Amino acid sequence: QVQLVESGGGPVQAGGSLRLSCAVSGRAFSVVTMGWFRQAPGKEREFVAGISWNGGSANYVDSVKGRFTISRVNAKKTVDLQMNSLKPEDAAVYYCAVTNSPYVSDRPGEYDYWGQGTQVTVSS
């Protein structure tokens, strides 16, 4: 049974920072690609960032480039998302996900397991 548990969400003022973390259990973490997605009310789930199994490749949606950084520590089976200069439009439920693909995909359908999500609220 693969389990992903996100943490670190909460309220923050625009311009502030948050660090999300995702802990993975139940499978060989070091060989999987990880992704962060978000979903705001009334909107589709959106790719935010993804990182390859060894951290050698990372992709971001254009709207967060230069502000968000994804990282992973395979020994701890965790993947983090550092979010700086937050904007009201970043407010959403953030999900981490695992894919068996060796490539970083921006398609939710490519991911096999998902966490329950953590809420990020950004006030202006």
Side-chain angles (χ1 to χ4, degrees):
Q1 184 77 12
V2 178
Q3 289 188 323
L4 294 81
V5 179
E6 302 97 337
S7 61
V12 65
Q13 289 190 332
S17 298
L18 281 176
R19 188 176 184 89
L20 305 183
S21 185
C22 175
V24 182
S25 62
R27 69 165 299 153
F29 178 78
S30 62
V31 297
V32 298
T33 299
M34 299 294 300
W36 281 98
F37 290 77
R38 64 188 179 188
Q39 189 166 18
K43 294 188 177 181
E44 294 186 351
R45 191 163 295 190
E46 174 190 37
F47 172 80
V48 176
I51 189 167
S52 60
W53 70 274
N54 63 353
S57 176
N59 292 347
Y60 300 88
V61 67
D62 286 346
S63 61
V64 308
K65 286 181 180 177
R67 300 189 297 123
F68 290 13
T69 303
I70 189 171
S71 61
R72 66 189 292 165
V73 179
N74 286 346
K76 295 184 179 180
K77 295 188 176 182
T78 58
V79 58
D80 290 352
L81 185 67
Q82 177 66 43
M83 306 187 295
N84 298 328
S85 302
L86 282 161
K87 304 176 180 180
E89 51 264 42
D90 294 318
V93 177
Y94 282 71
Y95 301 88
C96 67
V98 170
T99 176
N100 289 316
S101 171
Y103 306 105
V104 177
S105 173
D106 62 0
R107 300 179 179 181
E110 298 282 339
Y111 289 77
D112 305 293
Y113 300 97
W114 294 81
Q116 293 299 306
T118 184
Q119 178 73 52
V120 172
T121 304
V122 184
S123 57
S124 57

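Fair warning: this is a prediction, and the values are worked out from it, not measured in the lab. These numbers come from the heavy atoms of this one structure, side chains and all, not from hydrogens, waters or symmetry mates.
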Check your understanding: What pair of heavy atoms forms the shortest contact from Ala40 to Ala91, and how long is it?
Key -> CB-O, 3.8 Å
Review point. Parallel, tilted or perpendicular: which fits the ring planes of Phe37 and Phe47, with parallel below 30° and perpendicular above 60°?
Key: perpendicular
**Study point:** For Val104 against Ser57, the heavy-atom pair lying closest together
**Key:** CG2-O, 4.0 Å
**Study point:** Non-hydrogen atoms of Arg67 and Asp90 that approach each other most closely
**Key:** NH1-OD2, 2.7 Å
Check your understanding: Could you go step by step and tell me if Leu18 and Leu86 meet the side-chain contact (heavy atoms from CB on, under 4.5 Å) rule?
Key -> CA-CA 8 Å; Leu18 281 176; Leu86 282 161; 4.1 Å; yes
Check your understanding: Hey, quick one: are Val2 and Val32 part of the same hydrophobic cluster, counting side-chain heavy atoms closer than 4.5 Å, chains of contacts allowed?
Key -> yes
Check your understanding: Looking only at atom types and distance, does a side-chain atom of Thr121 sit under 3.5 Å from a main-chain N or O of Gly10, one as donor and one as acceptor?
Key -> no
Revision key, fill the gap. When Val24, Asn54, Thr78, Ile51 are each screened for side chain to side chain contact (heavy atoms under 4.5 Å, CB included) with Arg72, the one that passes is Ile51
Review point. From Arg107 CZ over to Ser101 OG, what is the distance, rounded to the nearest 0.5 angstrom?
Key: 10.5 Å
Check your understanding: Take atom CD in Gln116; do more than 12 heavy atoms of anything else shown fall under 6.0 Å from it?
Key -> no
**Study point:** Minimum side-chain heavy-atom gap Leu81-Thr69 below 4.5 Å
**Key:** no
Study note, to complete from the structure: For Trp36 and Ile70, the nearest pair of non-hydrogen atoms, with its separation, is CD1-CD1, 3.6 Å
Practice item. Going by the side chain to side chain contact (heavy atoms under 4.5 Å, CB included) test, name the single residue among Leu20, Val93, Val64 that passes it with Arg38. Key: Val64
Practice item. Working to the nearest 0.5 Å, report the span between OH of Tyr60 and NZ of Lys65. Key: 10.5 Å
**Study point:** Common cluster, Tyr103/Val48, ILVMFWY with side-chain heavy-atom separation under 4.5 Å
**Key:** no
Review point. Got Tyr113 and Gln3 here, is their nearest side-chain heavy-atom distance under 4.5 Å?
Key: no
Practice item. May I ask you to test the Ser105-Tyr111 pair for a side-chain heavy-atom distance under 4.5 Å? Key: yes
Practice item. Taking the side chain as every heavy atom from C-beta outward, state whether Val98 and Met34 have any pair of such atoms under 4.5 Å apart. Key: yes
Practice item. For the pair Tyr95 (side chain) and Gln39 (backbone), establish whether a donor and an acceptor sit closer than 3.5 Å, ignoring hydrogens and angles. Key: no
Review point. Side-chain contact, heavy-atom cut-off 4.5 Å: Gln13 with Val122?
Key: no
Practice item. Please tell me if the side chains of Trp114 and Cys96 come closer than 4.5 Å, counting only heavy atoms from C-beta onward. Key: no
Check your understanding: Looking at residues at least two apart in the chain, or sitting in another chain, which of them share a side chain to side chain donor-acceptor pair (under 3.5 Å) with Ser17?
Key -> Asn84
Point to revise | N/O donor-acceptor pair under 3.5 Å between Glu6 side chain and Ser21 backbone | key: no
Check your understanding: In Å and rounded to the nearest 0.5 Å, what is the OG to CD distance from Ser71 to Gln82?
Key -> 8.0 Å
Practice item. For the pair Asp80 and Arg19, find out whether any cationic side-chain nitrogen is under 4.0 Å from an anionic carboxylate oxygen. Key: yes
Check your understanding: To the nearest 0.5 Å, how far apart are NZ in Lys87 and OG in Ser63?
Key -> 7.5 Å
